Structures are given as C-alpha cells and as structure tokens.
Amino acid sequence: MTEFTVDTTARCQLVKITHDVQSAVTGAGLKDGLCIVFVPHTTAGITINENADPDVVFDIRSAFEKICPWDAGYRHGEGNAAAHVKASMTGSSVSIIVEDGRLRLGTWQGIFFCEFDGPRSRRVWVKTLPA
Amino acid sequence: MTEFTVDTTARCQLVKITHDVQSAVTGAGLKDGLCIVFVPHTTAGITINENADPDVVFDIRSAFEKICPWDAGYRHGEGNAAAHVKASMTGSSVSIIVEDGRLRLGTWQGIFFCEFDGPRSRRVWVKTLPA
Amino acid sequence: MTEFTVDTTARCQLVKITHDVQSAVTGAGLKDGLCIVFVPHTTAGITINENADPDVVFDIRSAFEKICPWDAGYRHGEGNAAAHVKASMTGSSVSIIVEDGRLRLGTWQGIFFCEFDGPRSRRVWVKTLPA
C-alpha cells in the first residue's frame, strides 16, 4: 500500500490527484490489474469526473452544497454533519483498471479528492491488485 | 479488459447491461474472483438496482432529476453540468463477485448503465481479477 | 465468499458491520489484498462513515430522507421507490484494503449496512482477493 497526502485550502474543495495515483501505481510496479484509491476519512470523499474545465468542479461543489447544506439543523455536535453526508454520497474509494502500467481512464476523466470539511492535511491510500 | 458499447436514445436513461457484463466475464474465462465494470465517461454513471419493474428505473431517473435539476444556474459552458453531478452521485464503477463463472447478484438486481447526457454512443469496460 | 445476515429493526437504519466483515476476512485467511463487501438487495446499501458519535448516523439518515423523501409521488407500485433511489445513492458495495490480516480503515471509520426499507432480514456477501 502506498500513502500520499493532500493539503486542502478551503472547506469544500475538489483536488485533482490523478498524477499522485499514477505515481503510486508505477512505484508499486503493477502492469496489469486494478488500483484501489481509498480515503481513510469520514468528512472527505473521492470521485472521478471531468479534468478539463474547472467550472465542472465548481458546479459539482455548488450542487452538493444545495443538496446537502452546511447548516440544516443537524444533531452532530462538531457542526460538520453535512461533510459526513457528502462523504457517503461520493463514497470512500474508486477502482481504476491498470494496463501496461497505466491507469485506464476516459479522455476527460480525472481522479479528485473531495474535501468537505477543510482546510486539513489529508491522506490517500493506493493499493494495487494483479489481474 | 473487454469493451462493449451502449447506444442511448434519450437524455437520461438507465440501460440494463447485465448480460453484456456476463458475456465479458465468460469471454475472459474468469471462474472465481471479481469483476469491475467501469464507465470511461464524465456525464454517465453506473448502478445496480431492480431489474424487474421498469417503474423503479423511471422513479430513480425522476428522483435524480429533482435532486439535481438540468437547469439550475450552473457555470459550465456546455450546459450539461447536471450530468456531471449525477455521474459523481452514482459513481464510475461497480464491483461484482464472480463464482463458478457467474456474476453473483441478488434475485432482483441488475446492472444499469446510467446515461445523463444522451443520446450518445457510450463505452463500458470490464476487467476481471482472480480470487 | 462468506455470507452473514443483518436483521434490521426500523424502516431506515444504519447498522455497523465492521466486526462481521473483519471476521469474514479472518475466516478467509486473507493476509494482504482487498476485501469487497456486497449487498445483494435493491432497497438497501452500504457505506463507510464515522463509528464514534451515533448522531452522525442519525444525521445521515435524516439528510437522505430530505434529499429523497419516502412519499413523493413515485410510480413503483410497492411504495418503496425512495429506498431504491437511496440504494443507488450509496451504492451496493465498498472496497477495503487488507494488510497483515486486518481491514485498513481510518481512525474514525466504520462499515455500515444501510437499511432503507426495513425491518427485514438481510444478507451481506464478503469476497477477498490477494494482492
């Protein structure tokens, strides 16, 4: 397993980590198989989406805030319940096929760490499995 | 890795692909392990849900449209930001256990390609991993 | 593949299953690799979230009910369409890294079975894959 860190700078932020994940796969020496990217936090998530136009990421962030607003009369005393809900909406991991040592992603796809309660220093775990 | 195509016929459509995925697993010769079904697009997703009553798929489509409406003042210039948000809500892949060469699904479960910005010709990737 | 059951006691309930999953991994003898936890139902899901403060689980349940209300004019005749939508929002499986025979989870993470149409007796499947 490989770990890398993501230092976020805002409460809600999508940070592109495609290159970090590729580096972890290259470092692990996997040629053919599967790569699991896992976020060991409960107020952050991970997703795959468009890596070209930054407005897409802006719209995703805004839409998630509308769907699950920060202030909505939650019980959880720490005040970050919305971040927990968003973590369960995106999920804690993504799975990506690896062939010829490269992540197989679609033309417009990038991997994004989803910060929902930043800024914080976060960790990401990458595990490789042979086919 | 096996690829097959899905030709969608509406903007928002859930297309059952269970048989295509089973064919890919059979073609790969996997008897025991895991099958990853990955969608290399950023305005489409994938989900597992009821394959019996088509009203379920209708209700999922309608609920997703209410949660994340097509027109809601997004920034992304292409006009399909809602499709990107929905893609992150469903996710880009599903994982299915394979035993005796067969996908292990619950009685009522089917695998659905989720088109959120059709109609288009789409691709689906299937990768198998031995246990 | 290992199966265990979860008997839910309410319509909507998040049940912690971390220990059941660890037992399945230990029983399978996996030391290093990946564990897939799969829910073979279409009105239930699975998620990873905070296992410390039960208010988090309460807030997730409430937020999901606001996002996708039980009564909202659905077509599906069984009356549980909202449960199907929530199943697609959380997803049918989670993937967890295994090292030294232990599930690798973050400090605050637990695995939760998500009942959206209970009470019912439910099944959970666990499959292990070597690295």
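Residue numbering restarts at 1 for every chain, and letters A, B, ... go by the order of the sequence lines. Computed from a prediction, not measured in an experiment: that's the story for all the values here.
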Tell me, for [X] versus chain A, whether the close heavy atoms (under 4.5 Å) come from the side chain, the backbone, both or neither.
X	answer
C/Ala131	both
C/Pro130	backbone
C/Ile97	side chain

Among C/Val94, C/Leu129, C/Leu105, who wins on heavy-atom pairs under 4.5 Å with chain A? C/Leu105
Is there a side chain to side chain contact (heavy atoms under 4.5 Å, CB included) between A/Glu78 and C/Asp53 once you walk through the steps? CA-CA 10 Å; A/Glu78 287 184 56; C/Asp53 177 5; 5.9 Å; no
Whether [X] side chain and [Y] backbone form a donor-acceptor pair below 3.5 Å:
X	Y	answer
C/Asp59	A/His76	yes
C/Asp55	A/Gly77	no
C/Gln109	A/Val39	yes

Counting only non-hydrogen atoms closer than 4.5 Å, does [X] touch chain C with its backbone (N, CA, C, O), its side chain (CB onward), both, or neither?
X	answer
A/Tyr74	both
A/His41	backbone
A/Ala82	neither
A/Ser93	side chain

Taking non-hydrogen atoms and a cut-off under 4.5 angstrom, which of residues 6-35 of chain A neighbour chain C? none
Which atom of C/Ile60 lies closest to which atom of A/Val85, heavy atoms considered: CA-CG2, 4.0 Å
Around atom CH2 of A/Trp70, are there more than 12 heavy atoms from other residues, nucleotides or ligands closer than 6.0 Å? yes
Looking at CZ of C/Phe64 and OG of A/Ser88, how far apart are the two atoms once the value is rounded to the nearest 0.5 Å? 5.5 Å
How many angstroms lie between atom CZ of A/Arg75 and atom OG of C/Ser62, to the nearest 0.5 angstrom? 7.0 Å
Top residue by heavy-atom pair count (under 4.5 Å) with chain C, among A/His84, A/Met89, A/Arg123, A/Met1? A/His84
